[in-house]
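Only one structure is covered here, and it is reproduced in the block below.
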Amino acid sequence: MHPMLFLAVLLGLSAFAYQVGRRRSVTVAGGLQHAGTLHSRPSYYGAYAALWALVPALAVLFFWLVFEQSVITEVVLAGMPPEVREVAPDRLNLLVNDLRNLVKGNIVAGHVGPAMQAAAEHYRSLAATSHAALGVLVVVIAAGGLMLARSRITPTLQARNRVEQVVTTFLLASSLVAIFTTVGIALSVLFESLRFFQAVPVTEFLFGTNWSPQMAIRADQVGSSGAFGAVPLFTGTLLIALIAMLVAVPIGLTSAIYLSEYADRRFRAVAKPLLEILAGVPTVVYGFFAALVVAPLVREAGRYLGLDVASESALAAGLVMGVMIIPFISSLSDDVINAVPQSLRDGSYALGATQSETIRRVVIPAALPGIAGGILLAMSRAIGETMIVVMAAGLSANLTANPLAAVTTVTVQIATLLVGDQEFDSPKTLAAFALGLVLFLVTLTLNVIALHIVRKYREQYE
Amino acid sequence: MNSVKHPPAGGRASGGAPRTIDVVRATLARRHASERRFRRYGITAIVTALAFLAFLFSSVLVKAHGVLQQTYIALDVHLDAGVVDPQGNRSPDSLREGDYGALIKDALRDAFPDVKERREQRDLFALVSPGAVFDLRTAVMQDPSLVGATRMFWVPANDDVDMLEKGVMRRESAEGERRLNDQQVKWVDQLVAAGRVELRFNSRFFLGSDSREPEMAGIWGAVVGSFYTLLVALSLSFPLGVAAAAYLEEFAPKNRWTDLIEVNINNLAAVPSIIYGLLGLAVFINVFGVPRSSPLVGGLVLTLMTLPIIIISGRAALKSVPPSIREAALGVGASKMQMVMHHVLPLAMPGMLTGTIIGMAHALGETAPLLMIGMVAFIVDIPQGITDPATVLPVQIYVWADSPERAFVERTAAAIVVLLVFLVVVNAAAVILRKRFERRW
């Protein structure tokens, strides 16, 4: 817990700096009764000093901790005998892993020779030195910042403006995190995908109909063709999403209409939160429900009807996914139906239409763009949903439109390819990132279109 | 009523064309029937959705109830000094090395002296949980004076015996379809007849951590892992979310860049969660070297995932603060920053906290991205900090749901109940907060 300790020390120091800065400002003003001669309130001088003590030291602490491990590893490796360290890069990675495990006192996979022992000793001593140096450095920088700030405090120092500048920068930086996240997602999937497409052509990935991502470890291995045609995954994903939408759209839309147009306030107050509970249930619970309750039921029903149902049928996963999506459809449709102006309804009633005719011929057509946007959003959620399909859908890629057969989906494959140990140079692992790229692009497109439609729709009636 | 002569109600009353009022009268009954039908569709849809909800909860509860109890078997164990205490000095080190497994086997052999054949003996030993060894060792290490004595110990039975006693495994089914053979069932019946089998409260499920043996597995490790992960996520996403919402709502100039940020945040809220897992794997683990499987990396991923939710709800909370507050603050000479920090943010805080809690509830139930970053690993130790390998409740549920042992089903369901209870508590906190502090302007 060393970093936490450093952080605590730093926070303590900056609290001290606050007091020092505040007192100093009062002193330079010539006492509390003359505080009015200062440019800012004394507390801003305190905050000014505290920021000087905290921010530079925090930056140093952060960068040190980020780079410490790799620098120490480099130094230790450079100090090892050449016959140990001059090996292939992947062997070197193993060596580094063993070394770090040895340092931490964990069980080491490889053989521990005297060279390794010496290196681990070296590592430990370097780490201890580094930590001590860091501690001294951080305290010195914080103290230096404090002294500098204290010497700068004069009645004319615009402490409030300086502090507010720093705070504004922090606020701006926080809002940029969202941008960085998007860029990070795009770059991380893109880079690994590009590496994947060097091994497997894009056209084979997008249009190939054979998916069997196991790579041969030995040349003579059976069933290790390593085919990366993703079409069966796309069709499987669409099949399950389609079943889900067939369940969710009628139920969700009808219940939204009833809740917004017919239900009295009491019924609405009970039924709406109950429906939203469906959205709050974690997806892993739906997965359990699909795999252990619904799938056996579907299979039994199929047997009763004389149908051959796979134990991991698309139908079971799709049904449960549909239940999960009901509240999305119903609450989004509820919003847009409520946004339809009452004047449209009143006009329809005045012409003698019944309530259901008004809803079908006036309200729904008026709300249609918004509803369509909601359905697209729900579709994107169905495509990106992972846990239900990981637990209830199959692993084998089948190119079929039969809802009773087992199919696999993009998310299932991403999860299974990446769970467990990974090597970042095999197409098997990289394929997951390529699938991730496709998933990201498809859901992004759906979302952009849907949000655009919904926004346009809102503007229309505002 | 028909005696009254109606004036022509429609546009074309003359000639052979029907009057509108007649059309209306003729079709009115049908239209009203269709109205009632339409209403019934609505009710049916709501009832169907709620029936699914009820079915979901009841099936989980039905599967979960068995977990409160665990079958124990009483064994007369002779704690032979030579076996328990190889060094002969009663020191903890020596007692730890004792071969307690042999003692349990001896006790079982004594209980069933006529079992001689090796295969039969192996079946017999399988009745007791492999975890019984640890229980015995703990008991001896707590009380070294037991060494040399013969005592009756209640040790946990194997999960198959547990399932048999709870009636999940059916006696009447054919031998090949059960995980216990006829001979084993007979032994269990003999033990039951001797009063040596008992269902006891299963405290291990609530206090233990994961295990390959269902009867030894508990959720405490996952609960602690969830706690640390959420702690990291909360301590990062709350300040960042509040700051970003404040900037976008109060400070940002309205231009193309802030539009981009806004569209971006709305889209991030709808990106599939598994993509965040890919991000965590590629960036946090492979580039920055954050330890795999740790609550730290899990918390970072969940931070990025919940941030859009918190920002969106935070902006809504800021929007609901009336402009008069801002104008009054500026009017008495506050700077813009003072206006936001001293007046607007405190008033928007309850709404922001509600949004944050809802985001955390979301993070608590999230599984998919955490599978990518190694939190699915089999971890027996209870994590001590944010860099220790850990697992979280939903991932634990996933792992158990994937295990073939029948006894894991009730544990999975029970873990789900625990997770749902936590979620109810968290959401109730959000509702109470909203009710208590919400201000209508």
Side-chain angles (χ1 to χ4, degrees), chain A residues 1 66 69 160 164 167-168 170-172 174-175 177-179 181-182 184-185 188-189 192 251 254-255 257-258 262 271 274-275 277-278 280 282-285 287-289 291-293 323 326 354-356 377 380 384 386-387 391 411 414-415 418-419 424 433 436 439-440 443-444 447-448 451, chain B residues 24 31-32 34-35 38-39 41-43 45-46 48-50 52-53 56 59 240 243-244 246-248 251 261 264-268 270-275 278-279 281-283 286 288-289 304 307-308 311 335 337 361 365 367-368 371-372 376 385 394 397-398 401 409 412 416 419 423 427:
Chain A
M1 293 315 306
V66 166
Q69 200 179 23
R160 181 175 59 76
E164 287 182 354
V167 176
T168 316
F170 169 69
L171 296 185
L172 175 65
S174 307
S175 66
V177 169
I179 297 274
T181 309
T182 313
I185 289 176
S188 58
V189 275
E192 309 290 350
I251 297 184
T254 332
S255 42
I257 290 169
Y258 188 84
Y262 287 109
L274 277 179
L275 272 185
I277 290 181
L278 278 174
T283 54
V284 69
V285 178
F288 173 81
F289 182 61
L292 276 98
V293 181
V323 173
I326 289 173
T354 63
Q355 203 170 357
S356 68
L377 273 184
S380 128
T386 310
M387 289 323 291
M391 293 167 84
T411 48
I414 296 177
L418 285 183
V419 170
F424 266 79
F433 284 90
L439 182 63
F440 180 62
T443 52
L444 189 72
N447 293 340
V448 170
L451 290 174
Chain B
V24 169
R31 287 169 63 203
H32 280 167
S34 122
E35 169 78 33
F38 194 72
R39 254 171 205 263
Y41 288 153
I43 288 276
I46 293 175
T48 314
L50 296 184
F52 272 125
L53 185 68
L56 173 69
S59 58
L240 281 179
Y247 181 78
L248 291 175
F251 295 97
I261 295 181
N264 200 344
I265 288 172
N266 284 335
N267 276 320
L268 277 181
V271 165
S273 60
I274 193 169
I275 301 277
L278 291 178
L279 172 75
L281 180 61
V283 175
N286 283 350
F288 289 118
L304 295 185
L307 208 48
I311 295 177
S335 72
M337 183 67 73
T367 321
L371 297 183
M372 309 282 97
V376 68
I397 290 168
Y398 165 67
V409 171
T412 315
I416 287 175
L419 177 64
L423 280 175
N427 282 308

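Letters go in sequence order (proteins before strands), and every chain restarts at 1.
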Where does [X] contact chain B at under 4.5 Å (heavy atoms): side chain, backbone, both or neither?
X        : answer
A:Phe440 : both
A:Thr354 : both
A:Ile326 : side chain
A:Ala415 : both

Just to verify, which of A:Thr182, A:Thr181, A:Val189 counts as forming a side-chain contact (heavy atoms from CB on, under 4.5 Å) with B:Leu279? A:Thr181

Which atoms of B:Pro308 come close to chain A, meaning under 4.5 Å heavy atom to heavy atom: side chain ones, backbone ones, both, or neither? neither

Side-chain contact, heavy-atom cut-off 4.5 Å: A:Pro282 with B:Leu423? yes

Spacing of B:Phe251 atom CZ and A:Leu172 atom CG [to the nearest 0.5 Å]: 11.0 Å

Heavy-atom pairs under 4.5 Å with chain A, option from B:Pro394, B:Ala401, B:Ala243 with the top count: B:Ala243

Option in B:Arg39, B:Met337, B:Glu35 with maximal non-hydrogen atom pairs under 4.5 Å from chain A: B:Glu35

Would you please name every residue forming a side chain to side chain contact (heavy atoms under 4.5 Å, CB included) with B:Ala368, sequence neighbours left out? A:Thr386, A:Met387, B:Ser273, B:Ile274, B:Glu366

Mind checking ring-ring contact (aromatic ring centres under 6.0 Å, His included) for A:Phe170 and listing every partner two or more places apart, or none if nothing turns up? none

